[in-house]
Protein chains: 2
Amino acid sequence: MNKIAGKIDGEQVIVVMGQVFSRSNCPVRDVIDNIGGKWNTLMILALAEGPMRFSALRRLIPDISQRMLTQTLRDLQRDGYIDRTVFPTQPPSVEYRLTPLGQSFLSLVKQLVDWSTEHHAAIRAARTAYDAREL
Amino acid sequence: MNKIAGKIDGEQVIVVMGQVFSRSNCPVRDVIDNIGGKWNTLMILALAEGPMRFSALRRLIPDISQRMLTQTLRDLQRDGYIDRTVFPTQPPSVEYRLTPLGQSFLSLVKQLVDWSTEHHAAIRAARTAYDAREL
DNA sequence: TGCGGAAGTTACTTTGAGGGAACCGGGCCA
DNA sequence: TGGCCCGGTTCCCTCAAAGTAACTTCCGCA
């Protein structure tokens, strides 16, 4: 069995697929934090339909609060998944659209959606079986 | 623009890729909750190296607490990603291994890792640029 | 006889993601 | 002139995820 974790310069390190990852420089964390957020993937999927304005997104996803909508959009913008463009109309309107990076990420999200729908039944079955055993 | 969200029987619903998802029956949520957990994907990757015992996993991932190791393994077992086998040796030893479902999920995780490493630089650059603008 | 490993459990605490509600300035419109 | 829409911001609160630490049972070993 080959070792996949250890310490370098006192920092915890793990080796996956031949690559070294540490906590302070972990590419996967950066991405998982976006996938894991409650609204982030949904936002990406919404914007996959085309560029949209703030209020359009609100109408599209009525469950999200204004606060979380703003925050999610900022987070995605910060990491380069979406672009924010202000048009100097009266009143000013703001448009959000996927960047090329966002488009690329979208294909990953789509695979996630595909896998999930394909294996959802198996997961639910496993869960039910497990819970039945644990009575 | 086509509508991708609305209500059915009073429950919030969203349509993605031609499929209807609701909060109470959302395949993607079940999977994202596993991807999003702090240790879950790492555990899957660790077990990709082969079946392992509890203490081997502890040694492999020294940063995880015993409590979180147990909990993560239970969560993954519950959803059918891993199997837990007790061998009646003295003292009893317990082995964890990926199920076929877990193997299938692993390929998804690997794609995530690949995408992340490939686009990590772009993400960090976007972040730096954003933060510089927001001073 | 008491130490340590294996595989946990239990109780307590901390952290931060997310939710709710109110507020804001500018313009438009009736 | 008093609302309403647009695109937010601010404050406060809650709850669940994660961390810390101590305890456990069974065994072998020296």
Side-chain angles (χ1 to χ4, degrees), chain A residues 1 12 23 26 28-43 46-47 51-79 82-97 130 133-134, chain B residues 1 12 23 26 28-43 46-47 51-79 82-97 130 133-134:
Chain A
M1 188 209 314
Q12 187 55 44
R23 193 49 61 100
C26 181
V28 185
R29 259 302 131 204
D30 282 346
V31 176
I32 283 184
D33 287 348
N34 275 298
I35 277 195
K38 182 165 180 182
W39 301 105
N40 298 5
T41 50
L42 189 54
M43 198 63 59
L47 289 174
M52 265 182 233
R53 299 178 49 182
F54 189 86
S55 44
L57 287 167
R58 274 190 70 182
R59 262 175 269 116
L60 211 55
I61 312 172
D63 279 0
I64 197 172
S65 69
Q66 215 157 342
R67 185 188 167 295
M68 285 315 294
L69 178 55
T70 308
Q71 186 178 307
T72 304
L73 289 168
R74 287 292 175 283
D75 288 349
L76 291 175
Q77 186 193 354
R78 179 167 186 264
D79 281 12
I82 64 178
D83 258 343
R84 178 178 183 272
T85 316
V86 182
F87 293 102
T89 56
Q90 263 333 328
S93 63
V94 181
E95 193 186 75
Y96 295 93
R97 66 170 67 229
Y130 181 93
R133 213 179 306 139
E134 293 296 306
Chain B
M1 188 207 319
Q12 188 54 43
R23 192 50 59 100
C26 179
V28 185
R29 260 299 131 206
D30 282 346
V31 175
I32 282 185
D33 286 347
N34 275 298
I35 277 196
K38 182 165 181 183
W39 300 107
N40 297 4
T41 50
L42 189 54
M43 197 65 57
L47 288 174
M52 264 180 234
R53 298 178 50 182
F54 189 86
S55 44
L57 287 167
R58 274 190 69 181
R59 262 174 271 119
L60 211 56
I61 312 172
D63 279 0
I64 196 173
S65 68
Q66 214 157 341
R67 184 186 168 291
M68 286 314 294
L69 178 54
T70 308
Q71 188 179 305
T72 303
L73 289 168
R74 288 289 176 285
D75 288 349
L76 291 175
Q77 186 195 354
R78 177 164 187 264
D79 280 12
I82 63 178
D83 258 344
R84 179 178 181 271
T85 318
V86 182
F87 293 101
T89 56
Q90 263 332 328
S93 63
V94 180
E95 194 185 75
Y96 295 92
R97 67 171 68 230
Y130 181 92
R133 212 177 308 140
E134 293 295 306

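By convention in this document, chain letters (A, B, ...) are assigned in the order of the sequence lines, proteins followed by strands, and residues within each chain are numbered from 1.
- Taking atom CG of L57(A) as the reference point, atom C1' of dC6(D) lies 13 Å away to the nearest angstrom.
- Spacing between atom CD1 of I64(A) and atom C1' of dG7(D) amounts to 14 Å, rounded to whole angstrom units.
- Separating the OH atom of Y96(A) from the C1' atom of dC6(D) is a distance of 11 Å, rounded to the nearest angstrom.
- At dG8(C), one or more side-chain N or O atoms of R74(B) fall inside 4.0 Å of OP1 or OP2 (strictly under the cut-off).
- As rounded to whole Å, 15 Å separates atom C1' of dA18(D) from atom CG of L42(B).
- Screening L60(A), I61(A), L57(A) for a side chain to side chain contact (heavy atoms under 4.5 Å, CB included) with L42(A), the sole residue that qualifies is I61(A).
- Between the side chains of N40(A) and D75(A), not a single donor N or O lies within less than 3.5 Å of an accepting N or O.
- Listed pair R59(B) / dA7(C) fails the phosphate criterion, with no side-chain N or O lying under 4.0 Å from OP1 or OP2.
- Taking atom NZ on K38(B) and atom C1' on dT14(C), their separation rounds to 13 Å, with Å as the unit.
- S55(B) has no side-chain polar atom (N or O) that falls below the 4.0 Å cut-off from OP1 or OP2 of dG5(C).
- Here the P atom of nucleotide dA7(C) and the CG atom of L60(B) are 14 Å apart, to the nearest Å.
- Both R58(A) and Q71(B) lie near DNA chain D, and the one whose nearest nucleotide falls closer to the 5' end is R58(A).
- Side-chain polar atoms of Y96(A) and R84(A) form a donor-acceptor pair below 3.5 angstrom.
- Judged by distance alone, the side chain of R58(A) and the main-chain N or O of S65(A) form no donor-acceptor pair under 3.5 Å.
- For the pair L73(A) CG and dC6(D) C1', the computed distance is 14 Å after rounding to whole Å.
- Side-chain N/O atoms of R67(A) and base N/O atoms of dG20(C) include a donor-acceptor pair closer than 3.5 Å.
- Between Q66(A) and G37(A), the one whose closest nucleotide on DNA chain C sits nearer the 5' end is G37(A).
- In the set dG19(C), dG8(C), dG7(D), the nucleotide with an atom closest to the side chain of R53(A) is dG7(D).
- Rounded to whole Å, the distance from CG on L69(A) to C1' on dG8(D) is 10 Å.
- Residue F87(B) is out of contact with every strand shown, counting any heavy-atom pair closer than 4.0 Å.
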Next item on the list: Might you work through the side chain to side chain contact (heavy atoms under 4.5 Å, CB included) test for K38(B) and I32(A), ending with a clear yes or no?
Entry: CA-CA 9 Å; K38(B) 182 165 181 183; I32(A) 283 184; over 6 Å; no
